[in-house]
Asks: 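Quick one: this structure, given as structure tokens, is what I'll be asking you about.
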Amino acid sequence: MKRPVLVFRQFGNKGYSLFACLGREVVCSVLSVATLTYASAESVSTDPVVTDSASMMTASERMLEEVCVTGSRAPLTKSQAARMVTVLDRADIAQAPVQSVNDLLKYAVGVDVRQRGPIGAQTDISIRGGTSDQIILLLNGINICDPQTGHNAMDLPVDLSDIVRIEVLDGPAGRIYGTSSLVGAINIVTVDSGKWKEESGKRNDSSLQFHAEGGSFGYAHAGFKYSLSSFHFPLSSSISANYSRSDGYSRSKAGRLNTDFSGAKAFYQGQYDDEAFRLHWHLGIADKGWGSSTFYASPKWQADDQYEHTTKLYSAIQGETKQGMFHLSGNIYWNQNRDRYEGYRGQPEKMPYNYNRTDVYGVSLSNYFDWVAGRTAFGAELRNEDLVSGNLGEPLSQTHHIRGTDRDYTLGVNRTNISGYLEHNLLLNNFTISAGLVAVKNTWSNMNMTVYPGIDISYRPHPAWTLHASYNTSLRMPTFTEMYYKLQGYSANPHLKPEEMTALEIGTTIHYSLFTIHSTLWHHHGTDMIDWIMDTSQGQDAVWQSVNHTKINSLGFETSASIEIPLFTHHSSLFTVSYSYIHQDKEQDANIVSQYALEYLRHKLVANARLQLSKPLSLSLNFRWQDRVGSYTDFDGSVCNYQPYALLDTRLTWQQPRWKVYLEATNLFDNHYHDYGLVTQPGRWLIAGFSLGL
């Protein structure tokens with residue numbers, strides 16, 4: 001019997017379009033030369049094929065094959081995955097009016113981005129009403145969380161030009177990522193250096209790109225990226241570096257700039273990739289200092305000219321086999337974080353600086369194999385977290401000198417986390433079932449080996465309709481700051497217990513032609529939740545204390561709709577609207593002020609429009625309206641509720657094959673709002689820039 005013939009006359013801008021032709025004879029009446037050159041039929045889950053860098057910025061992008069997303073331990077394509085994963089791709093990154101990953105995540109409806117400083121100077125990222133310490137942040141699948149604190153987790157070494165996509169996994173992910181993934185995970189995937197030339201449309205062995213921009217408040221940024229690879233040899237590499245600075249948008253009472261920042265970052269990655277195995281490695285550094293204004297101020301400690309400086313080093317080697325029944329993969333990594341905090345900027349005699357250094361070492365080994373019953377994965381990870389500090393931890397038996405000072409690290413903490421996992425994925429015609437567990441033991445808390453199970457189910461009754469449901473559990477160990485910080489109005493508890501979370505989720509996705517709708521209803525039940533609270537009835541004696549809450553119940557709903565409208569100019573415009581609602585219940589005394597756990601976005605509305613005005617000219621409009629639950633205490637001791645606010649960001653881009661120029665404005669309404677305690681956010685910010693590829 002001859003199979004039905006499927007004729008392609010126009011390609012859809014979706015990764016799962018290839019599934020329509022499985023098992024059929026295909027006739028392609030429209031096919032670009034670049035697609036003919038690079039398309040692969042070896043498997044469904046391979047790298048995306050894109051024509052050139054210019055087309056990545058417009059709706060003319062052509063993607064024939066799906067990429068794997070990290071919604072499970074075993075690699076599955078996005079359409080196969082039983083759990084919904086939000087993916088911000090190259091088109092989202094290229095057209096958004098942003099300068100950092102922090103800014104880009106503002107447009108993900110389930111993500112709460114609370115910036116203390118501008119353009120990612122310091123940012124707390126949370127998911128579904130959680131805190132910045134309750135999510136796991138990954139770079140190419142490597143855990144880069146800092147066990148000292150989550151406040152500086154977004155000091156990333158990568159530039160936006162390095163990133164191919166960002167994956168956001170909402171909800172507990174313990175059986176996928178282990179500890180720290182209490183309410184979700186964010187995985188930043190950098191550009192595969194071996195594919196860089198294909199994306200740029202060049203066939204020579206090297207490529208060079210420059211970019212620079214400047215704008216309001218003395219902001220300036222410049223960087224470059226160099227890539228070296230060959231189609232005839234499976235070894236490739238790339239390196240990028242950039243520098244940013246700003247005068248800041250505010251001054252202290254003494255008239256000194258107190259939200260200025262400056263910093264540099266560099267990132268190198270390389271890989272060897274042949275038919276038998278793939279080896280990837282990266283090395284990155286991020287060095288930044290910023291005025292911290294009133295970031296950690298309180299009514300008792302009214303400091304408005306704080307300062308902080310961090311230096312972060314990231315390194316990893318990852319390998320995987322590509323042949324045989326068993327697919328082995330493993331990684332070894334080392335991350336180091338150095339932090340200097342100045343309570344009074346440049347005045348150590350008034351308050352000694354706080355110095356901290358954390359070293360995190362990790363090794364993991366995993367395996368998956370396919371058999372008649374599906375795909376099974378198992379593995380284990382060992383992660384050691386070591387802190388030496390001037391003010392956090394227990395007394396050290398031997399002190400360590402603090403480089404560049406006349407002081408020593410006299411305190412410290414060391415703990416080791418051991419975890420093992422088992423997962424099975426059942427792939428049927430219309431069903432995907434992914435079930436598994438993770439067993440965790442941490443040496444510091446003397447906890448017994450504890451098991452956290454989970455299951456995800458996806459059902460596709462129609463090619464355009466998907467239903468999904470999940471039940472997952474997870475945990476989070478307290479940070480060293482939550483356990484030991486006891487300075488200037490803060491009193492930590494070293495005996496904090498791990499947080500635990502149980503979550504239920506159901507949802508649906510409908511995709512038909514150029515229209516997509518996604519909706520999710522979820523419930524989280526958290527126990528022993530950690531928060532900093534203050535009893536304002538104590539007046540001047542009130543301090544922030546770290547405690548374990550008994551229970552927190554969260555109920556949320558998320559929905560989004562997008563439509564792509566073809567234009568007579570042979571281009572198309574994309575419109576997206578997303579909304580999330582969260583309700584948390586916990587009984588709390590009237591005089592208690594919560595710093596984290598009960599400050600969440602009850603309402604978040606995001607609307608985006610990508611307008612292709614002509615072949616080279618595009619306009620991006622991004623609107624956000626947010627209403628936060630919670631309050632903060634001003635210097636007079638008055639409790640102030642957070643007020644709703646609306647922001648409009650826009651970007652106008654003129655794109656050519658080898659260069660582009662753009663003009664953007666953030667906070668076009670010039671709102672001066674509070675989103676994090678006493679810190680007033682900047683108003684309108686104008687930026688102009690260009691990029692040039694050689």
Side-chain angles (χ1 to χ4, degrees), residues 67-75 85 101 105 125 133 135-148 150 152-159 162-169 173-181 184-193 237-240 265-273 277-286 310-320 327-337 358-368 377 379-386 416-421 438 440 474 476-477:
V67 296
C68 293
V69 293
T70 51
S72 59
R73 284 285 187 175
V85 179
V101 175
L105 289 170
I125 305 290
D133 294 315
I135 69 168
I136 188 169
L137 185 66
L138 305 110
L139 179 60
N140 294 320
I142 299 294
N143 184 347
I144 59 172
C145 291
D146 185 352
Q148 178 202 336
N152 302 326
M154 296 304 294
D155 292 347
L156 303 171
V158 297
D159 189 77
D162 294 315
I163 301 173
V164 66
R165 68 182 183 277
I166 299 175
E167 303 168 350
V168 180
L169 181 64
R175 65 185 177 88
I176 304 172
Y177 296 117
T179 59
S180 300
S181 54
I186 297 175
N187 184 30
I188 299 168
V189 183
T190 60
V191 175
D192 186 342
S193 55
S237 61
S238 67
I239 185 171
S240 66
K265 59 180 66 174
F267 186 70
Y268 164 76
Q269 63 176 340
Q271 76 171 15
Y272 179 89
D273 191 358
F277 70 97
R278 177 179 181 267
L279 187 66
H280 179 270
W281 56 91
H282 69 244
L283 176 65
I285 186 171
T310 61
T311 302
K312 299 203 169 190
L313 179 68
Y314 305 90
S315 62
I317 300 177
Q318 302 166 273
E320 61 178 325
H327 300 264
L328 297 173
S329 63
N331 62 68
I332 301 174
Y333 62 91
W334 167 53
N335 304 323
Q336 185 182 85
N337 308 292
T358 57
D359 289 275
V360 180
Y361 307 89
V363 57
S364 70
L365 183 63
S366 60
N367 172 56
Y368 77 89
E381 180 182 25
L382 177 69
R383 176 181 171 93
N384 180 263
E385 301 170 339
D386 184 79
T416 299
N417 195 79
I418 305 169
S419 60
Y421 69 88
V438 61
V440 179
S474 191
R476 178 185 77 90
M477 297 298 298

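Positions are given from 1 along the sequence. Being a predicted model, the structure only gives us computed values, none of them experimental.
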Asks: Go through the side-chain N and O atoms of Ser315 and Asn335 and say whether any donor and acceptor fall under 3.5 Å apart.
Replies: no
Asks: Rounded to the nearest 0.5 Å, how far does CG of Asp133 lie from CD1 of Ile125?
Replies: 12.5 Å
Asks: Does Phe267 form a ring-ring contact (aromatic ring centres under 6.0 Å, His included) with His282? I'd like the steps, not just the answer.
Replies: CA-CA 7 Å; Phe267 186 70; His282 69 244; 5.7 Å; yes
Asks: So, Thr310 and Asn152: side-chain donor and acceptor under 3.5 Å apart, yes or no?
Replies: no
Asks: About how many Å separate CG of Asn187 and OH of Tyr177, when rounded to the nearest 0.5 Å?
Replies: 5.0 Å
Asks: Drop me the distance from Asp273's CG to Glu320's CD, to the nearest 0.5 angstrom.
Replies: 8.0 Å
Asks: In Å and rounded to the nearest 0.5 Å, what is the OG to NE2 distance from Ser366 to His327?
Replies: 11.5 Å
Asks: Is any side-chain heavy atom of Leu279 closer than 4.5 Å to a side-chain heavy atom of Trp281?
Replies: yes
Asks: Look at atom CG of Leu313 and say whether more than 12 heavy atoms of other residues, nucleotides or ligands are closer to it than 6.0 Å.
Replies: yes
Asks: Please report the shortest heavy-atom distance between Ser181 and Ser474, naming the atom on each side.
Replies: O-OG, 3.0 Å
Asks: Using 0.5 Å steps for rounding, measure from the OH atom of Tyr268 to the OG atom of Ser238.
Replies: 8.0 Å
Asks: Tell me yes or no: between the side chains of Ser240 and Asp159, is some donor less than 3.5 Å from an acceptor?
Replies: no
Asks: Indicate yes or no: at least one non-hydrogen side-chain atom of Val158 is less than 4.5 angstrom from one of Ile163.
Replies: yes
Asks: With rounding to the nearest 0.5 Å, note down the distance linking SG in Cys145 to CE in Met477.
Replies: 14.0 Å
Asks: Please examine the side chains of Glu167 and Val189, heavy atoms only from C-beta on, and report whether any two atoms are closer than 4.5 Å.
Replies: yes
Asks: With side-chain contact (heavy atoms from CB on, under 4.5 Å) as the test, would you mind laying out the steps for Ile285 and Lys312 before giving the verdict?
Replies: CA-CA 6 Å; Ile285 186 171; Lys312 299 203 169 190; over 6 Å; no
Asks: Using distance alone, with no hydrogens and no angle criterion, decide if Gln318 and Asn331 have a side-chain donor and acceptor under 3.5 Å apart.
Replies: no
Asks: Would you say that Ile166 contacts Ile186 through its side chain, given a criterion of any heavy-atom pair below 4.5 Å between the two side chains?
Replies: yes
Asks: Under 3.5 Å, is there a donor-acceptor pair between the Tyr314 and Trp334 side chains?
Replies: no
Asks: List the atom of Tyr421, the atom of Arg175, and the distance in Å for their closest heavy-atom pair.
Replies: CB-O, 4.2 Å
Asks: State, yes or no, whether a side-chain contact exists between Gln336 and Tyr361 at a heavy-atom distance under 4.5 Å.
Replies: no
Asks: What I'd like to find out is whether the side chain of Glu385 reaches to under 4.5 Å of the side chain of Thr358, using heavy atoms alone.
Replies: no
Asks: Should Ile188 and Leu138 count as side-chain neighbours, where that means a heavy-atom distance under 4.5 Å?
Replies: no
Asks: Kindly give the heavy-atom pair with the smallest separation between Ala286 and Asp155, and that separation in Å.
Replies: CB-O, 3.8 Å
Asks: Going by atom types alone, do Gln269 and Thr190 pair a side-chain donor with an acceptor below 3.5 Å?
Replies: yes
Asks: Would you say Leu137 and Met154 make side-chain contact, with heavy atoms under 4.5 Å?
Replies: yes
Asks: Does CD1 in Ile317 sit with more than 12 non-hydrogen atoms of other residues, nucleotides or ligands closer than 6.0 Å?
Replies: no
